Amino acid sequence: MSLFQRKDTLPVPPLDAERYTTVCQYCSAGCGYNVYVWPEKKSGTARSNAFHVDLSKQAQLMSGFSYTETMHNVITRKNGHKYNLAIIPAKESRINKGDYSIRGGTNAQTAYTPTGHTRDRLKDPLLRKENGFVAISWDHAVEILATLTKSSMDKYGSDSIAMKFYDHGSSGLGFEDNWGAGKLFLSGIKTHYLSIHNRPAYNSEVWGSRERGMHELNYDVDDARLADTVVLWGANAYEGATVFYTEHIMPNLQGGSIDEKKKEFASGEPAEEGRIIIIDPRKNATTTVSQDISAERVLHLRPNLGTDWILANALARIAWENKWYDSDYLQKRTDMATFEEYKSKSLELARPLDAFLADAEKITGVTRKEMEEAAAWIAKPKEGGFKRRTLTLYEKGIIWNMKNYDQVAAIAQLNVLTHNVGRVGTGCGRLGGHQEGYVRPGAPTPGSIYAGGPPKNVDNYITGGGGKLYWVGATDPYLSTPNSKFFKKSVKKRAADLLDYLDNGGIPSDPKAYIAKVLEAFEKTDGLFMVVQDIYMTHTAEDAMLILPAAGWGEAVDTSINCHSRLLRIYDKFLDAPGEALPDWKILALVGNKIKALYEAEGNKEMAERFSGMDWKTDADVFEAGSHEFGDNKATEAEEARLSAECYKGVTHKMLRKLGNEGIQTPVRQDPVTGKLVGTKRRYKYSFASKDGLFKWYGTDAWTGYPAEVAKYINNPAYPFWFTTGRSQHVWQTMYNDKRIPEKLLTLPLPYLEIHPDDAVNLDLKTGDMAEVFNEEGSCLALVYVNDATKPGLVFGLMYHAKGTMNNLISSYTDPKTTIPWYKGTKVGVKKYTGKLDDAIKTVSLLSNNNVTIQ
Amino acid sequence: MSDLSRRKFLQTTSATALLFFTGLNKDGHAAPVKAYPSRKIGNIKNLKVNEPLTFNYPDESSPCVLVKVDNQAVGGVGTEKDVVAFSTLCTHMGCPLTYNKGRLVCKCHYSMFDVSRNGQTYQGLASQWVAQVVLRVDAATGNIYAEGVEGLIYGRIGNLKIS
Ligand code: SF4
Ligand code: FES
């Protein structure tokens, strides 16, 4: 009867089971987990077990201990023996308190097993031969890659090597791997053609805030429970950072944190149930769940796509007019010279308020009344004159919006204007997607157009015929890059050109002969040698020449921080990587050290030196080596702003293992008095992260309409719908794990499209149909859900799915100030698909995921 | 859920519903069960669409719901294959599920399960689909029997391992 194999019992760990602490491999929340491993044949009992929970009784609701079908697996270790594996949410973690989401609840199912869901993990280095990929040894793989890299650099320069690597924590294995990648690509190869996981360039997505002197992770989870108002701006917290919403925002809305507020607030200061402002064109589940809890304390603004910075400036202007700011704070903590520019360009004080707001209404589609209400919820002092406490979190709806730089800057400035940073219950920054763990030598492009940028667009470089060797690490650009169809077509062609040359006369098996032939092909064709380093075969890897098998989460020791508290913890190793797979840092070090040896053999000391410092023996060594990049962290509490947000200098793996789920919050400073390492709970109370400690204002651009890449559709009747994208609650990123887990694939079998009932009627579409979504960039076949999440004239698509990407509909536009794409907006046509419907529709739920209210 | 919001939740949940979740039946004990019993839980002739009946299965501390939906359901019984039954302990953290128009909804963190589609979590936090009760209909009488459970009931290491 069941659509897949179910269990009705679970093995129990004996008292002597191995125990590890880790953190979820997925979202920015970074929920703590405990891991138990024990021999398959051994068992604890209901009353005596390593969980130290009496399992003989029906559990109480919300006990904080959960152990479900999806939290168990059976693994085989390198010794050939089978073991039970249980990965359960940590009750003692202050991040999740035993809570977990549908994504993290399946952590155990992602463990490699030779016969289970993940059996097709990459196990050997693979080289493309005439008939497909063949396994080769690491020695050969490293010799080929190191020699090609070096020879290409020598002949065509460092920029002939292009790279696209993840730079984050959690599933991207944190500080260790990022230091490895940084040493090889930034210190060693020194190419300018670097790019960061999904996107076309090597950049921060929040230079608009950082260049003001404010790093985007400046708050603590506690602030979400302590805020008077939480603003989620283009940030679908319930479906994207789920447990942060359910454990920290939701209790605030429910009034569950009033007692905490009373303790933390000034005496006499009002402490009430929290309010929430959701700024999102969609009525997503974050909105409907919040409304179900308390409709009168939810304000939902639905701006037109691309217009959010105009809205942020309008809210700031309203706050200004009402004097909802603290002059003393502005003068002490912010740069009053640049403030003039902000006043004139962003607040446009020279223009009468009515005219200014009338324009803002027209551009954003948000009414003045809504703006005034939102501004009051953000900034109007509470009874007794106490400053309101507002925590504003933005995410992809802002960073992947049109005009990335100005969007981020406008929101940062609204919050500093209203002193909603550096106080209990405040903060302004990213909700985050994944966790973080960035430590690398300095990047070639330090900042936006205002700070030495913009960085180079690697997609344009590759599609335009640039580069010889393109190294892709743990990312699948065929799905994830904007304008992905064009990208895929171009790379495919260049890969085919190289292969054509190589197999003319046979692809040599001997590494030296192989290398010689590839170098010939570099000379004679425009071919591209693509290397993919990943845990699974990816869409992109199908066109690679060389594939390198990497270790995944739990298969190497990793350290990362979450986004909502910058909480640094250890993600311990409890699994053996499949086959020959190695941690990314080790693969990068093997290649780096080989290049070094090749230069040494030639007597080229200068080049050999560039590749030095990668001779790490253990993951703890890499972690330690990276820490020196942060410089001296001796600082008092009041000096914290000068420390890099992720500074962990002095912290060791050993220390983190001891701290377990408690972790330590970065930036970690060495207290000048006690000499002890101290974490930082909340940032920018005393100063900002600029040279003089003052917040730097910036005058945003005026509204000038849409960029040509999208404007071309505006009066074209073939593409009548505005189109935006996002994620689903169920799956992580490209579904690289999830497409192998039956629960996930059954529930999300196809890319899907949400359309408003008014539009669906006109197109004769109903839920459960399929539709073609198309424009001049690309097209996608999608399952249709008709619901009120979108507005008439706006459709929403799942950003990418194992079976198809909607990023191929997205234009090649990037913000000229930062080279960040506008993933979240373009225009499309939609028509009903009249072919045979996919069989998966017979078993997928067709209920609407934003309808949460019991009728 | 923080202690405070738990308290808030408990205040808004009816006392009768809570009885199910304390692991106690009205005698204060749940009888141990060794194999899935066959238990009559209703009659197909008395079921109306979207009007659920509650029952406990396989033992007194496992609340369940029997319902006729308005379409053919995975694992459904009856001539229209539209009668299904599920555990009503949320597989996320054990809160009570409420049947509402083809779905089971949890008010703790808004997990929602589609009863026509094998109890799949179509929204929310529960990574495990809710456990479905295996049903049999006696053709002659129309009596419906619960005869097994597919999937783990929340809060147990085995559906039949509660003392
Ligand atoms: S909320 Fe995020 S970190 Fe927590 S369990 Fe889910 S995916 Fe993992
Ligand atoms: S207990 Fe959390 S959603 Fe049901």
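Quantities reported herein were computed from a predicted structural model and do not represent experimental measurements. Residue numbering restarts at 1 for every chain, and letters A, B, ... go by the order of the sequence lines.
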* Closest contact, heavy atoms only, B/Cys108 versus A/Met62 -> SG-CE, 3.3 Å
* Side chain proximity check, A/Asp99 to B/Met93, heavy atoms < 4.5 angstrom -> yes
* State yes or no: are the ring centers of B/His92 and A/Tyr100 separated by less than 6.0 Å? => yes
* Can you say whether A/Ser848 sits under 4.5 Å from chain B via the side chain, the backbone, both, or neither, judging by heavy atoms? -> backbone
* To do: Heavy atoms only: give me the nearest A/Val844-B/Arg117 pair and the separation to one decimal.
  => O-NE, 3.0 Å
* **From A/Thr68 atom OG1 to B/Ile153 atom CD1, the distance as rounded to the nearest 0.5 Å** => 13.5 Å
* To do: Let me see the working for A/Asp292 and B/Lys107 under salt bridge (Lys or Arg N to Asp or Glu O under 4.0 Å), right down to the final yes or no.
  => CA-CA 9 Å; A/Asp292 191 69; B/Lys107 281 289 181 177; 2.5 Å; yes
* Is there a donor-acceptor pair under 3.5 Å between the side chain of A/Arg6 and the backbone N or O of B/Trp129? -> yes
* Asked: Are A/Thr70 and B/Gln128 linked by a side-chain donor-acceptor pair shorter than 3.5 Å?
  -> no
* Under 4.5 Å from any heavy atom of chain B - which part of A/Ile741 -> neither
* Heavy-atom donor-acceptor pair, B/Asn118 side chain to A/Leu3 backbone, under 3.5 Å -> yes
* Structure fact -> Comparing B/Asp114, B/Val105, B/Val134, B/Val74 against chain A, the one with the most heavy-atom pairs below 4.5 Å turns out to be B/Asp114
* Do B/Ser163 and A/Arg47 come within less than 4.5 Å of each other through their side chains, counting heavy atoms only? -> yes
* Asked: Going by atom types alone, do A/Glu743 and B/Gln120 pair a side-chain donor with an acceptor below 3.5 Å?
  -> no
* To do: Would you please test B/Met112 and A/Val852 for side-chain contact (heavy atoms from CB on, under 4.5 Å) and show each step?
  => CA-CA 8 Å; B/Met112 305 195 289; A/Val852 304; 4.0 Å; yes
* Please look at A/Glu239 and chain B and tell me whether the side chain, the backbone, both or neither of the residue comes under 4.5 angstrom of a heavy atom of that chain. => side chain
* Test item: side-chain donor near acceptor, B/Tyr122 and A/Asn849, under 3.5 Å -> no
* Does B/His109 offer a backbone N or O that forms a donor-acceptor pair with the side chain of A/Tyr238 under 3.5 Å? -> yes
* **A/Lys842, part contacting chain B, at a heavy-atom distance under 4.5 Å** => backbone
* Asked: Looking only at atom types and distance, does a side-chain atom of B/Asn100 sit under 3.5 Å from a main-chain N or O of A/Gln855, one as donor and one as acceptor?
  -> yes
* Does a donor on one side chain sit under 3.5 Å from an acceptor on the other, for A/Ser66 and B/Tyr154? -> yes
* Are B/Leu125 and A/Thr242 close enough, and set up right, to give a side-chain contact (heavy atoms from CB on, under 4.5 Å), and what steps lead you there? -> CA-CA 8 Å; B/Leu125 289 76; A/Thr242 311; 3.5 Å; yes
* To the nearest 0.5 Å, what is the distance between NZ (A/Lys7) and CG (B/Leu152)? -> 9.0 Å
